[in-house]
Each structure stands twice: as structure tokens, then as C-alpha cells.
Amino acid sequence: MTICNHFFSYKVSLRWASGSLGFVVLLLIFPVFSIAQNYDETKVPEYVLPDMMKMTNRKQVRNIGDWEKIRRPQILRLFEDNIYGQFPKSMDSLRFTVTENKSSMEGKSVLRKVLIQVSHHGKTIGINLTLFIPVKAALPVPVFVLINNRGAENTDPTRDKKSDFWPAEMLIDSGYAIAAFQVSDLAPDNKETFSNGVLKLYTEQLSMDNGMRAIGAWAWGASRVMDYFERDADIDSKKVTVVGHSRGGKASLWAAAQDQRFAMCITNCSGNTGAALARRRFGERIERINTSFPHWFTNNYKKFNNNEDSLPVDQHMLIAMIAPRPVYATNASKDLWADPTGTFLSLKNAEKVYDLYQAKSTLPANPPVKNYPIIRSVMGYHNREGEHNMTAYDWMNFIRFANFHYQKKKGYGNN
Ligand code: GCU
């Protein structure tokens, strides 16, 4: 694919330096080349997506058996080796301690705080889970768990602070349990300190070019929370929805692809290396994400900087790995950085795998207009009017989507 020259911008940084011997002034000019991001649909280059239905022996995937036994594991491996890194499978011990269990929200829910401790190779890390369980719902109850990449005040267990980013009362009133943990418990979101978390237990990953990094660690943390849900009799562990926003939404997709115990996945404004197709080169690109956040993905991923076409996968294949489980992706109309159209096209291109399971997608051929949620479909989508964020509007539609799939309730609008 050609990259047009006019996308190149030159950032010139000027630095003045003065020597110690009097008045010598040196002008240093550092030209830094970077590719400006494209926001013009007419400039999206032609691209060919990797054929997810063709196995490495060139044979076509014809049925669920071919997909589950051969092609899906091949694709999972490609994502591990090239993008998100390995998902450590062993640990020496896993301990759950309920540190608080009390009535909350004026009696509408029970607040349960749980410390999940993982030990391996003589080291231990703790994941602090905040969980609210509705009192009125029949137990065990389905739960939404947020991989929280924003401040802990968004998931305040005391409910003194309330945030639409995690509107716990709305979920409780709708009959769902809601949980959250901080990504920093697994890997601080910082290129210098990200290894100061779960990677202390799996240091070998750090020297591997296909080793786990921060986003992989956050997704891995979601699986440890899932381990806890399997032991909490109040939680329906067959109805756990993993939710993430933006960088957290990249992790929620990877968690659901890796761990098939998650029944449903929500990926909110996840953009590049989340739900959006990389080959469209619209908004954020691989080179940019790897430069700004070198600690998120494998070393191998850097090979694809300005080289999207050579990636053996694209993000529709990540969604396909979640099939036949429901996935809901969102965007915000002003968040072109996260490529709303590219997100929609990822879902569309994953349909072939959902078709194998006869899991019905009713996504239209083209992206729906703003604020038009597609709910009654195995893959749901909306493009909310507004900015990059996760809001009460988004959550309201996650609930509608979960109601449709978990309860097969009728009467959820015209879509
Ligand atoms: C940056 C980054 C995105 C990411 C976002 C977020 O904008 O470039 O890839 O999704 O932060 O996490 O809010």
C-alpha cells in the first residue's frame, strides 16, 4: 500500500544549548519524522484483510470443528506472538479473602470487597475487587466486571462519589451485579514501571519478544477475577460480562478471546489494537500506539510500525475468536482517533465465524447513524454522539444488550 507523501509532517524541535565558555551558542535542530494520522475516509488505502477462514494448510474452514480445533488456535497464537503476548497458564497459588461484606446503597445491594492473591516463584500480587450484588435479584446473578484504567474514584465502594463511567446504582436497579478492579494492580500504566506488578511473578516474559506486557497483564487479571466468580455462590459465573473502555477495551477483547469462560464482552471506544481494523490506517496507527505506549504490547508488535499489511491478523479476527459469544462495541462520534467505521467493519468481517454457529448478527451493511444502537444481534454496536468516554448512555445499552442475550427479553426497541 502506498502512503501518500502529504501525510508526512515534519516536527522540528529547536533546542538552544550554551556552552560554559562564554557566549558560544549552539543551535541544535532535531528533525523528527512522524506520520500524521488520517481522518479522511477518501484517503483510506485499499487493503486486503487476512483470510481468517483459511487454515495454514490452505484448506478452508468448513465447520465448527475446523474452526475450534485448527483455525482458532492458529489465530490465537498469532495474536499472542505478534501483539498481546503470552497468557501465563500456571501459578503456584491463588487465594481469595473477603475483606468486607456489608449492606450498601441504602439496602439495595451488598458490597463485597475481595482480595485476590496470586503467588508464583515466591512472589505475590494482590488484585482488589469491588463487587456490588443486588439484594432483590434471584441468585446467582449475572455480573459485569470493569477492567478499570481510570482513577479508583470512578468505582468508589463507599458511593460517596458517583461516576457515569461505572454507574453501579443503574446496574443494581437493573438486576445485575457490578464489579471492578484497577489495572494498576496488575501492571502500572507507565512505560518505566509496568513490570512492577504481575510481571514480577513471570519475569521470563520480559525477555521474550512475544512476552506479555501491560495490556496482556490487565486481561490476565480479569481471568483471575473470573476464578473468583466461579467460587462465589451469589454470582452466575456462566453470565460474566467483561467490560473495558479504550485501553481497557483492548484488554476486555483480549480477555474474552483468551478466556472462554467470559460469556459476553463489551469494548467501548477501544480503537487501534482494540476493535478497529488496523489496515484502514484511520485515526491512531500502530506506529503511533507503539511509540506512545511501548509497554502495552509485545516487542514483536513494533515490526508492524508503518507496515500494517504485513500483520498476519487484523482485529476482526480477535472478535471472531470470541464467537459464538455476544460482543458489543461502541464508539463516540467525535472520537475519530478510535475509528468508528473501522470498528463497525471489524464486527462485520467477523460475521463469517458467527455464521458457523448460526449465531445471528443483524448488523446492517453500513454503520448505523449516531445514537442508533443495534441490540438484537449477537454482535451489537452503537456510535454515541459525543466525545471519547464511557457514559450512562453506553451502560444503558450494555444492559439492554445483556437483557436480550441473557434473558431473551422482548420489547427492546426496534433493533
Ligand atoms: C490514547 C491511546 C488510545 C487509547 C486511549 C485511552 O488516546 O492513543 O489507544 O485507547 O488513550 O485509553 O483512553
Side-chain angles (χ1 to χ4, degrees), residues 9 11 34-39 79 82-85 146-155 163-166 180-191 193-194 213-219 221-222 242-256 265-298 301-302 304-306 308 311 314-315 318-319 327-344 346 381 383-384 386-391 394-395:
S9 69
K11 280 191 218 149
S34 72
I35 295 180
Q37 315 297 298
N38 176 38
Y39 293 116
F79 274 101
N82 293 292
I83 305 185
Y84 303 103
L146 173 69
I147 301 174
N148 190 17
N149 56 293
R150 288 202 179 163
E153 68 281 4
N154 286 288
T155 63
S163 159
D164 281 351
F165 192 72
W166 191 74
F181 65 94
Q182 290 297 123
V183 296
S184 50
D185 282 354
L186 281 309
D189 192 1
N190 178 300
K191 66 178 178 206
T193 59
F194 73 96
R213 298 290 182 268
I215 289 201
W218 306 343
V242 61
V243 184
H245 164 68
S246 207
R247 62 197 75 186
K250 305 180 207 293
S252 69
L253 284 169
W254 183 232
C265 177
I266 311 274
T267 183
N268 192 79
C269 296
S270 59
N272 188 275
T273 326
L277 290 177
R279 279 170 175 73
R280 275 172 47 83
R281 286 156 261 201
F282 187 100
E284 187 173 29
R285 290 186 53 183
I286 293 174
E287 179 268 338
R288 186 63 188 269
I289 209 167
N290 277 334
T291 306
S292 309
F293 307 100
H295 59 293
W296 280 0
F297 307 109
T298 57
Y301 199 37
K302 278 74 179 173
F304 304 100
N305 288 351
N306 302 321
E308 281 85 351
L311 249 182
D314 210 315
Q315 298 305 112
L318 180 61
I319 291 165
V327 177
Y328 195 89
T330 76
N331 286 106
S333 61
K334 293 186 182 150
D335 186 16
L336 297 185
W337 185 243
D339 191 8
T341 302
T343 301
F344 179 81
S346 250
Y381 178 82
N383 189 12
R384 170 178 49 73
E387 312 280 347
H388 181 72
N389 197 0
M390 187 155 69
T391 69
D394 297 315
W395 279 99

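Just follow the structure's listing: the first ligand is 1, and inside any ligand the first atom is 1.
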Run through ligand 1 for me and note each protein residue having a heavy atom under 4.0 Å from it, chain first, then residue number. S246, R247, K250, E284, I289, F293, W296, W337, H388
Exactly one candidate in R288, R279, R285 meets salt bridge (charged side-chain N to carboxylate O under 4.0 Å, His left out) with E308; the answer is R285
Side-chain donor-acceptor pair under 3.5 Å between N389 and H245, yes or no? no
State, without any angle test, whether N272 and R280 hold a side-chain donor-acceptor pair at a distance under 3.5 Å. no
Between Y301 and T273, a side-chain donor and acceptor under 3.5 Å: yes
With sequence neighbours excluded, residues passing ring pair (Phe, Tyr, Trp, His ring centres under 6.0 Å) with F304: none
N290 and N305: side-chain donor and acceptor closer than 3.5 Å? yes
